[in-house]
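Here it is, the structure in full.
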Amino acid sequence: MAGLLLIAHAPLASALQAVALHAFPDSGTPLLALDVQPHTRPEDAEAQARALLQRLGAEEVLVLTDVFGATPCNIAQRLADARRVRVLAGVNVPMLWRALCYAAEPLDALAVRALAGAGQGVMQLPVPTPAD
């Protein structure tokens, strides 16, 4: 089973972790969060992220981050490798929930499922028609 690591601008990572644990309190999926504070040096945040990877203790890890190109994403990219750590940017609740539901799948399949959940969870809702 893959572990999940959230890396995002504070307080988004811990808020997403709380939402995940609220919806799936017994998922069994290792899930940790790193809130990158505004004045944290990138190298310090990277060290924190690496420590969390070790703490997860999972053979494979899917890292979910908020904004491509921003500091949390740059930190996450430095964790990625070709075998055990994948990074997805643009995290949202549907992406996270999908990752929790399919964490037992191989890492590449898990990443595909999480990306699908992210896209399928974004939609414009119809405007209700007023009752006459």
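The residues of the chain are indexed from 1 along the displayed sequence.
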Side-chain (D66) to main-chain (P72) donor-acceptor, under 3.5 angstrom: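 No.
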Return the minimal non-hydrogen interatomic distance between A76 and V87, and the atom names on each side.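 Closest approach of A76 to V87, heavy atoms only: O-CG2, 3.3 Å.
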Find out if a path of hydrophobic residues (ILVMFWY) with successive side-chain heavy-atom gaps under 4.5 Å connects V19 to L100.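 The answer is yes; both residues are in one hydrophobic cluster.
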Qualifying salt bridge (Lys or Arg N to Asp or Glu O under 4.0 Å) pairs with a residue from residues 24-43, counting only residues at least two apart or across chains: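 Qualifying pairs, neighbours excluded: R41-E43, R41-D44.
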Using the test side chain to side chain contact (heavy atoms under 4.5 Å, CB included), find all partners of R83 that sit at least two apart in sequence or belong to another chain.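 Applying side chain to side chain contact (heavy atoms under 4.5 Å, CB included) to R83 gives D81.
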Shortest non-hydrogen separation from A45 to I75 and the atoms involved: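 Smallest interatomic distance, heavy atoms only, reads CB-CD1, 3.2 Å.
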Identify the heavy atoms of M95 and A114 that sit nearest to each other, and give their distance.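 Distance-wise, the nearest heavy atoms are CG-O, 3.5 Å.
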Take L21 and Q17 through the side-chain contact (heavy atoms from CB on, under 4.5 Å) test and state the conclusion after the steps. CA-CA 6 Å; L21 295 175; Q17 181 184 38; 4.0 Å; yes
One pair to check against side-chain contact (heavy atoms from CB on, under 4.5 Å): L79 and I7. What are the steps and the verdict? CA-CA 11 Å; L79 303 177; I7 303 176; 3.8 Å; yes
The test is side-chain contact (heavy atoms from CB on, under 4.5 Å); show your working for T65 and V91 and say whether it passes. CA-CA 6 Å; T65 188; V91 66; 5.9 Å; no
Taking all non-hydrogen atoms of both residues into account, name the closest pair between C73 and F68 and its distance.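 Here C73 and F68 meet closest at SG-CA, 3.7 Å.
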Is there a path of hydrophobic side-chain contacts, each under 4.5 Å between heavy atoms, that joins V85 and L31?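 No: no chain of side-chain contacts under 4.5 Å links V85 to L31.
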Kindly indicate, with the supporting measurements, whether the criterion side-chain contact (heavy atoms from CB on, under 4.5 Å) is fulfilled by L56 and L5. CA-CA 8 Å; L56 276 172; L5 177 58; 4.1 Å; yes
Distance (rounded to the nearest 0.5 Å) between L62 CG and R84 CZ: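 It is 12.5 Å, given to the nearest 0.5 Å.
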CZ (R55) with more than 12 external heavy atoms under 6.0 Å: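 Incorrect, the count does not exceed 12.
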I'd like to know if V93 and L34 are part of one continuous hydrophobic network [Ile/Leu/Val/Met/Phe/Trp/Tyr, side-chain heavy atoms within less than 4.5 Å].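 Looking at the clustering, V93 is in a separate group from L34.
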Do you know the tightest heavy-atom contact between A58 and M1?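 Smallest heavy-atom distance, with atoms named: CB-O, 4.1 Å.
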Atom pair CD/CG of Q54 and L32 - distance to nearest 0.5 Å: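 Answer rounded to 0.5 Å: 12.0 Å.
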Heavy-atom check, side chain of L52 versus side chain of Q48, under 4.5 Å: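 Of all side-chain heavy-atom pairs linking Q48 with L52, none is under 4.5 Å.
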Review item, side-chain donor-acceptor pairs of residues 102-110, under 3.5 Å, at least two apart:
unit_1 : atom_1 : unit_2 : atom_2 : d
E105   : OE1    : R113   : NE     : 3.2
E105   : OE2    : R113   : NE     : 3.0
E105   : OE2    : R113   : NH2    : 3.1
D108   : OD1    : R86    : NE     : 3.0
D108   : OD1    : R86    : NH2    : 3.0

Validation row: L53, V61 side chains within 4.5 angstrom (heavy atoms):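 Side chain of L53 against side chain of V61, heavy atoms only: contact under 4.5 Å found.
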If every non-hydrogen atom of L88 is compared with every non-hydrogen atom of A111, which pair is closest and at what distance?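 Scanning both residues, the minimum pair turns out to be CD1-O, 3.8 Å.
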Between V63 and V36, is there a shared hydrophobic cluster once you connect ILVMFWY residues whose side-chain heavy atoms come closer than 4.5 Å?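 Looking at the clustering, V36 is in the same group as V63.
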Value rounded to 0.5 Å, distance of OG1 in T71 from CD in E46: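 Answer for the OG1-CD pair, T71 versus E46, is 12.0 Å.
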